[in-house]
Amino acid sequence: MTYETILTETRGRVLLVTLNRPKALNAINAQLTAEVIAAATAADADPGIGCIVLTGSERAFAAGADIKEMQHLTYAEVYGRDRFSDWDRFNAVRTPIIAAVAGYALGGGCELAMMCDFILAADTAQFGQPEIKLGVMPGMGGSQRLTRFVGKAKAMEMCLTGRMMDAGEAERCGLVSRIVPAADLVEEAVKTATTIASMSKPAAMMTKEAVNRAYETTLSEGLRHERRVFHAMFATEDQKEGMAAFVEKRPATFSHR
Ligand code: HXC
């Protein structure tokens with residue numbers, strides 16, 4: 001498929017998706033939304049892809065939803081179209097997704113990064129939910145995910161003042177998994193994705209599902225879910241291969257089944 005607002009590149013079992021609206025700092029318009037979701041869902045259906053990396057440019061991961069596209073919408077149009085609910089299909093992707101963030105991740109950009117399974121940040125990354133300055137509020141999950149990830153105090157301050165958080169603060173409060181030099185960001189993200197993609201795909205998908213369950217349910221339900229999924233893994237070829245390889249002191253070769 002040909003895309004106009006993103007670039008896609010397959011590197012082994014990794015799909016690298018680069019947001020590519022440089023003149024608008026990768027602002028998320030309807031077309032970019034549709035293309036990111038199409039690329040991610042296609043990769044999810046492809047057994048040859050084991051991990052997705054989503055990145056932007058050095059200057060901006062994404063500076064938010066496209067303000068110029070939204071500016072004149074009426075309540076009836078926003079409510080009727082409910083465009084941000086399209087991201088439910090991105091959130092249903094079962095293949096692990098890494099956000100590699102350099103520069104601005106603001107508003108919908110911060111929210112898109114948080115929809116990924118974890119965020120690798122360049123030392124230049126800046127996170128923020130500045131919607132309040134536009135007379136609105138986060139609409140792609142920011143008030144919910146940011147609060148779960150960094151706690152109420154920081155989320156409330158960021159959403160109410162619009163102040164940005166730099167990479168160091170984001171790492172300290174658990175928003176990002178780690179910080180890498182900006183020049184190494186994409187390579188490091190692809191390297192990490194390659195590690196994930198080399199694992200059993202069913203095991204990676206079930207692990208993603210179980211970790212995400214921790215945000216959706218009680219501890220006892222989450223633990224029950226984890227145990228049931230763990231039991232189910234003994235029906236996979238990869239469990240037999242992974243454990244046999246350990247016992248035989250050789251690298252595992254997973255069939256992703
Ligand atoms: C549309 C945007 C944009 C956006 C930047 N641009 N952000 N266009 N939507 N979210 C455009 C600018 O209009 C400009 O286009 C070009 O990108 C470069 O931006 P500058 O402002 O000239 O760059 P700079 O001075 O370096 O400032 C960078 C910036 C600033 C701090 C990131 O652009 C900024 O504050 N952007 C808006 C951030 C924001 O409010 N995001 C939240 C959006 S609302 P021209 O044509 O002038 O060169 C949102 C809602 C989520 O995300 C869902 C709930 C509603």
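Both ligands and their constituent atoms are indexed starting at 1 by order of listing.
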- Message: Running the 4.5 Å side-chain criterion over Ile, Leu, Val, Met, Phe, Trp and Tyr, what cluster does F254 land in, apart from itself?
- Response: none
- Message: Can you tell whether the side chains of R83 and E69 come within less than 4.0 Å, N to carboxylate O?
- Response: yes
- Message: If the criterion is any heavy atom closer than 4.0 Å to an atom of ligand 1, which residues make the list?
- Response: K23, A24, L25, A27, R59, A63, G64, A65, D66, I67, K68, M70, F84, Y104, L106, G107, G108, E111, P130, E131, L134, M137, P138, G139
- Message: Clusters formed by hydrophobic residues whose side-chain heavy atoms approach within less than 4.5 Å: which one holds L160, and what are its other members?
- Response: I132, M156
- Residue list, side chain to side chain contact (heavy atoms under 4.5 Å, CB included) with R228, at least two apart or on another chain: H231
- Message: Could you check, using the six-membered ring where one of them is a Trp, whether F84 and W87 have ring centers closer than 6.0 angstrom?
- Response: no
- Test ring pair (Phe, Tyr, Trp, His ring centres under 6.0 Å) applied to F149 and Y215, step by step: CA-CA 10 Å; F149 296 166; Y215 283 98; 5.5 Å; yes
